[in-house]
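For reference, the structure discussed in these notes is given below.
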2 protein chains.
Amino acid sequence: METITIKDIARALNLSTSTVSRALRNSYEINTETKKLVMEYAEKMNYRPNPIALSLRDSKSKSIGVIIPEIANNFFSQLINGIESIAYNLGYHVVIFQSHESYEREVANTNYLVSRKVDGLLVSLSSLTTNLHHFEELMEKGLPIVFFDRVPNEIETHKVVADNFFGSYEATEHLIKTGRKRIAHITSPIYLSITTERLAGYKKALEDYGIAFDESYVKYCHHGGKLASENEAAMQELLDMAEPPDAIFPASDRLTTGCLAVLQKNNIRIPDDMAIVGFTNIGVAELLNPPLTAVVQPAMEMGQQAVELLIKLIEHPKKTIEYETKSFRTSLMIRESSTGKVHA
Amino acid sequence: METITIKDIARALNLSTSTVSRALRNSYEINTETKKLVMEYAEKMNYRPNPIALSLRDSKSKSIGVIIPEIANNFFSQLINGIESIAYNLGYHVVIFQSHESYEREVANTNYLVSRKVDGLLVSLSSLTTNLHHFEELMEKGLPIVFFDRVPNEIETHKVVADNFFGSYEATEHLIKTGRKRIAHITSPIYLSITTERLAGYKKALEDYGIAFDESYVKYCHHGGKLASENEAAMQELLDMAEPPDAIFPASDRLTTGCLAVLQKNNIRIPDDMAIVGFTNIGVAELLNPPLTAVVQPAMEMGQQAVELLIKLIEHPKKTIEYETKSFRTSLMIRESSTGKVHA
DNA sequence: TCCCCTCCCGGCAACGTTCCCGACAACGAT
DNA sequence: ATCGTTGTCGGGAACGTTGCCGGGAGGGGA
């Protein structure tokens with residue numbers, strides 16, 4: 001691993017390290033020929049500045065940390081693609097951590113990333129996070145943070161979200177218009193921003209169409225791995241009701257597939273006995289049985305927007321900026337799970 | 001971002017930095033009381049050693065780089081979960097990069113990770129990589145690399161793979177035993193290890209059951225995004241044959257969903273007109289239409305094994321080790337896409 | 001001739017940490 | 001009293017880079 005340093009170049013060319021450094025940065029106070037000499041030699045020896053030394057010097061790492069609940073989820077992995085494409089072009093390095101829906105791991109990851117001197121953080125909250133102290137502290141210390149998807153109300157900074165109210169309204173409206181009366185909503189814990197927003201859209205649609213809101217048709221579940229049974233239990237409760245729902249609207253990727261599995265296991269015909277519309281970016285929605293109607297978020301664009309805002313924050317820290325919340329429209333992809341056209 | 005350093009502690013306690021450093025490392029040559037004093041003060045002030053300074057000092061970063069074709073793929077994201085769980089416990093930090101099936105990006109990512117001084121690399125080759133020079137060079141310089149899934153024959157190091165031959169044999173055998181005669185195989189470019197191994201298993205099963213191998217039933221496609229049309233074209237060629245196949249065996253996640261989409265678009269009944277078995281870790285296989293028979297790889301375990309081997313290599317570099325190739329058995333999950341039982 | 005200014009370039013410190021090399025006191029042994 | 005030992009600690013260098021300061025050579029103007 002003998003990497004060449006500025007010192008090596010200086011020694012080889014009989015110059016000082018300062019001169020070499022400035023020559024490489026194309027400083028005006030270095031003779032043109034000297035610059036050429038240095039740059040050609042550096043090129044020849046394949047010199048690459050040591051980013052660690054640079055980080056130590058001016059405590060900047062040209063890297064940003066991303067904390068998400070989990071990677072194995074289409075919405076988040078698409079979002080990461082968006083983040084990476086932009087960050088890469090702007091010379092930033094992306095470090096990804098998963099909270100696995102655990103508050104403790106979220107805190108641990110945050111601390112780790114900060115000790116690694118990331119220049120900023122991109123965060124989507126874990127479903128078990130109620131205490132935001134670890135982020136508040138960092139923001140007070142001046143570390144730029146941009147939240148996306150699951151964002152905290154209590155913290156003021158840039159945020160990037162989908163128009164959850166609209167997406168949820170549109171989905172619910174669609175179910176109503178296709179004749180459903182008893183629409184259940186399975187969603188995340190109530191202290192998540194996406195939960196309240198989607199719940200609100202759901203309620204508003206019911207209200208606008210004169211359907212009474214029934215709390216017993218709403219179930220709150222965690223997303224996390226071990227808690228998948230929670231999802232199943234909630235579904236079972238719904239199915240066991242005196243008047244079970246005739247449609248279900250799960251509010252996330254994980255919940256959607258969970259619901260589908262339970263319905264399939266109980267041999268419930270979709271959409272005949274139960275319509276379903278998922279708030280999900282799952283890639284194979286049209287290959288499902290039946291093809292799944294879905295509220296799709298522009299995940300890639302959301303990732304791009306988030307990282308752009310973050311980098312703006314990093315590179316212009318002085319500017320006391322108006323923090324903004326970018327909202328992206330979702331799109332409703334109507335398929336058979338909610339309409340029941342042909343059905344192979 | 002005023003973080004406390006060893007110097008601050010030294011100044012506050014009227015000691016030298018050396019003493020503080022040794023006290024914190026619990027060195028035997030420091031007075032017990034002094035140690036206690038230092039450690040308590042450090043604890044109180046929430047001192048955390050600066051990993052960047054440490055990296056600079058002994059050019060180790062306690063971090064490992066992962067280069068994979070893409071994250072938005074169940075096999076790889078499960079694998080990453082395995083990698084992270086182990087690495088985290090062993091005090092290593094995981095940096096993930098996607099090659100997006102591009103040779104250029106693979107090289108760029110490799111260089112970047114190396115310049116960031118990762119202690120080792122975990123790599124699954126892009127489908128367009130034929131030149132391995134960038135990895136060979138690093139290995140000569142002493143950087144530990146472990147390959148997984150798509151591994152190069154030409155490089156000697158630890159490797160972690162699925163038993164692709166077996167998985168492919170078993171899938172093909174299953175199709176034969178359920179009465180299929182003309183089994184097509186859609187796979188990756190031939191210079192990928194997984195391609196040749198899976199192809200070999202496929203051929204062997206045909207041979208063992210007395211079915212002649214027909215090259216025109218094998219199609220080679222790239223995985224990458226823009227090249228999805230390639231997959232579609234290959235499928236169409238198969239369907240347009242004089243004697244089209246009665247079963248299809250795609251060799252990866254992406255290819256499997258691609259094939260399913262084409263079949264659906266052409267209104268081909270599965271499994272009546274065409275059976276399908278996918279070499280895929282897709283999470284919703286049983287929710288597909290129809291539920292998909294799949295060769296599943298123990299992705300998480302493979303990730304764990306790979307990172308364990310890598311860290312062993314990193315931490316015991318002197319030991320001239322016998323390089324080993326760990327092979328994991330796949331499991332065949334039989335569902336309706338290949339059997340055609342009930343079919344809602 | 002003297003002075004000042006411009007053009008180049010080198011020396012040094014600093015970022016945070018550890019390691020090597022000493023230094024000095026106290027103490028027992030000779 | 002002298003010497004080596006042990007127990008504690010400090011000083012300095014080093015990792016790679018950049019910024020500040022300073023300095024010499026050469027040229028132009030008074």
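So that the names make sense, note that chain A is the first sequence line, chain B the second, and so on, each numbered from 1.
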Short side-chain N/O contact from K7(B) to OP1 or OP2 of dC15(C), under 4.0 Å: yes
Could you say whether L24(A) or N31(B) is positioned toward the 5' end of DNA chain D, judged by the nucleotide with the nearest heavy atom to each? N31(B)
Do the side chains of K326(B) and E308(B) get close enough for a salt bridge, i.e. N-O under 4.0 angstrom? no
Regarding dG11(D), can its base be found pairing with the side chain of S16(B) as donor and acceptor, where the two atoms are less than 3.5 Å apart? no
Measuring centre to centre across the rings, with the benzene-like ring taken for any Trp, is Y41(A) within less than 6.0 Å of Y47(A)? no
Please compare L56(B) and S18(B) by the position of their nearest nucleotide in DNA chain D and report the one closer to 5'. S18(B)
Between L37(A) (CG) and dC8(C) (C1'), how many Å, whole number? 14 Å
Interatomic distance, K36(B) NZ vs dT8(D) C1' [rounded to whole Å]: 18 Å
Counting any heavy atom closer than 4.0 Å, what does S59(A) reach on the DNA or RNA strands: base, sugar-phosphate only, or nothing? nothing
CD1 of I6(A) versus P of dG19(D): gap in Å, rounded? 11 Å
Determine the contact category for N14(B): base if any of its heavy atoms lies under 4.0 Å from a base atom, sugar-phosphate if only primed atoms, P, OP1 or OP2 are that close, otherwise nothing. sugar-phosphate
Distance in angstrom units between N50(A) CG and dA14(D) C1', rounded: 14 Å
Round to the nearest Å and state the distance from K117(B) atom NZ to dC15(D) atom P. 13 Å
Could you walk me through whether R150(B) and E101(B) pass the salt bridge (charged side-chain N to carboxylate O under 4.0 Å, His left out) check? CA-CA 12 Å; R150(B) 303 149 168 215; E101(B) 306 286 9; 3.0 Å; yes
Ring centroid separation for Y103(A) and H134(A), is it under 6.0 angstrom? yes
Looking for any heavy atom pair under 4.0 Å, which part of the strands does I30(B) touch: base, sugar-phosphate only, or nothing? sugar-phosphate
Sugar-phosphate, base or nothing in reach of L15(A), heavy atoms under 4.0 Å: sugar-phosphate
Below the 4.0 Å mark, does dT18(C) have OP1 or OP2 next to a side-chain nitrogen or oxygen of R25(B)? yes
Is the base of dG16(D) touched by the side chain of R48(A) through a donor-acceptor pair closer than 3.5 angstrom? no
Considering just the side-chain nitrogens and oxygens of Y28(A), establish if one lies under 4.0 Å of OP1 or OP2 belonging to dC9(C). no
Whichever of S21(B) and T17(A) has the more 5' nearest nucleotide on DNA chain C, that residue is T17(A)
Would K60(A) and E315(A) pass as an ion pair if we require N to O under 4.0 Å? no
Under 4.0 Å, counting only non-hydrogen atoms across every strand here, what does T5(A) touch: a base, just sugar-phosphate, or nothing? sugar-phosphate
Donor/acceptor link under 3.5 angstrom from R22(A) side chain onto base of dG10(C): yes
Tell me the interatomic distance from L54(B), atom CG, to dC15(C), atom P, rounded to whole angstroms. 16 Å
dC8(C) phosphate, OP1 or OP2, under 4.0 Å from T19(A) side-chain N/O: no
Check whether any side-chain N or O of H93(B) sits under 3.5 Å from a backbone N or O of K62(B) as a donor-acceptor pair, and report yes or no. no
Length of the line joining R57(B):CZ and dA14(D):C1', which is rounded to integer Å: 7 Å
